[in-house]
Number of protein chains: 2
Amino acid sequence: MARTTGSHAGITGPKIRQAALRLFAQRGYAAVSMRSIAAEVGVQAGALYNYTPDKQSLLVDLMRTHLDGLLEAAVPDDGGPLARLQQFVAFHIRFHADRPDEVFIAYMELRNLEPDNFVEIEALRRRYEDRLEQILRDGAEAGVFEVADSKIVTLAIIAMLTGVNTWFRQGGRLSLEEVVAQYWDMVRKAVGA
Amino acid sequence: MARTTGSHAGITGPKIRQAALRLFAQRGYAAVSMRSIAAEVGVQAGALYNYTPDKQSLLVDLMRTHLDGLLEAAVPDDGGPLARLQQFVAFHIRFHADRPDEVFIAYMELRNLEPDNFVEIEALRRRYEDRLEQILRDGAEAGVFEVADSKIVTLAIIAMLTGVNTWFRQGGRLSLEEVVAQYWDMVRKAVGA
DNA sequence: GTCTATACGTGGATAGAC
DNA sequence: GTCTATCCACGTATAGAC
């Protein structure tokens, strides 16, 4: 018996987050209405408020979930600095390539976070950056890398790697693994290894 | 005789563009109202329409002006590939550091461009990228650079250099010229020169 | 050239029926 | 849990007085 309305507990919540993710990434947080999210899910706008207190919470949840996932998916941090750096580069590109919408939102919508939320999200991002910086410091200390300023090199590498998401498309000229190899080659040379 | 209203021909137009630039960069195009731009300038919202047909034109004008300026300010493209690459890196960082708001808008508000405008702006950006790619190709051909895929390296370098704007602040730990030197060191090594 | 006033659409969020 | 209906603020843009 088909029914077009009624209880869908357990699936509407995820569908809302999914719809918000897609729409925020495509049009930008400020340009997305609660009504448009509801329409994408197939409910009325009022129903969204059974799952989120407001629009801002929807944005924060998406960012926090993404960054938590990024930190938890951490590659095993073993081996020498060179091996760890290679793992980091490959992990970063693959993880980000799999989640273009999350990445886009996490970088582009920071200014739409209310102050407290901004602090929380920035702290998560900072923790991730610190991992790369630690690898670079260890490598410099061990004499494996030529890194004059580990903070700058960290930010430069992350910007370079994250930039892949602006142009990479599955089924394009290059496979993801070819991209990983090319970027690893550049990073390796850039740190003088 | 002070007057709070009347003709200000010749200054209101630039003030509007300046206010739009600042507000778009700070809050995002979609989150900025014509009223808020007018308030910043010190006029009523209706007065803006003496200077721009609509809000979208304001955005497009800012982007086009920025990218035109970028292309015109081009450094003299002489010398060998290594010298040209160094000039490009230094120019890019300095030019972008001087115009953080323009840069931010030109990268972040692309999705708020109507289709025709998007095509126009993207063509300008592409012309700029092509200049770097040509330098890399020339260097690879001359055997000065080790660049397996000039397109990827172009995008990687531009992402890395433009990323400076996300953290660099005048009066911070490093001077701009120190930043230029550090990035040039990384780029030079990354291309195997 | 700028103002005031306004048309008209759409925004986030809530109340109460089912 | 979802719906319909609604509140009220705010959005872009325009008309007409000064």
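Labels below follow one simple rule: chain letters A, B, ... track the order of the sequence lines, proteins then strands, and each chain is numbered from 1.
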Hey, does the side chain of A:Thr12 come within less than 4.0 Å of D:dG1's phosphate (OP1/OP2), counting only N and O? no

Taking the six-membered ring for Trp, are B:His96 and B:His92 parallel (under 30°), tilted (30 to 60°) or perpendicular (over 60°)? parallel

Nearest heavy atoms of A:Phe88 and A:Ile135, plus distance in Å: CB-CD1, 4.1 Å

So, for A:Asn165 and A:Ala97, which heavy atoms are closest and what is the spacing to 0.1 Å? OD1-N, 3.7 Å

Can you tell me the distance, in whole Å, between the CD1 atom of A:Ile16 and the C1' atom of D:dT2? 11 Å

To the nearest angstrom, the CD-P distance between A:Glu114 and C:dG12 comes to 14 Å

Using salt bridge (Lys or Arg N to Asp or Glu O under 4.0 Å) as the criterion, list what pairs up with B:Arg94, not counting sequence neighbours. B:Glu177

B/S/- along nucleotides 11-18 of chain D (protein heavy atoms under 4.0 Å) is BBBB----

Those residues that, when tested against B:Tyr183, pass ring pair (Phe, Tyr, Trp, His ring centres under 6.0 Å) (two or more places apart): none

Tell me whether the OP1 or OP2 atom of C:dT4 has a side-chain N or O from B:Gln44 closer than 4.0 Å. yes

In whole angstroms, the gap separating P of C:dA13 from CD1 of A:Ile37 amounts to 10 Å

Is it the case that A:Thr65 and A:Asp68 place a side-chain donor and acceptor less than 3.5 Å from each other? no

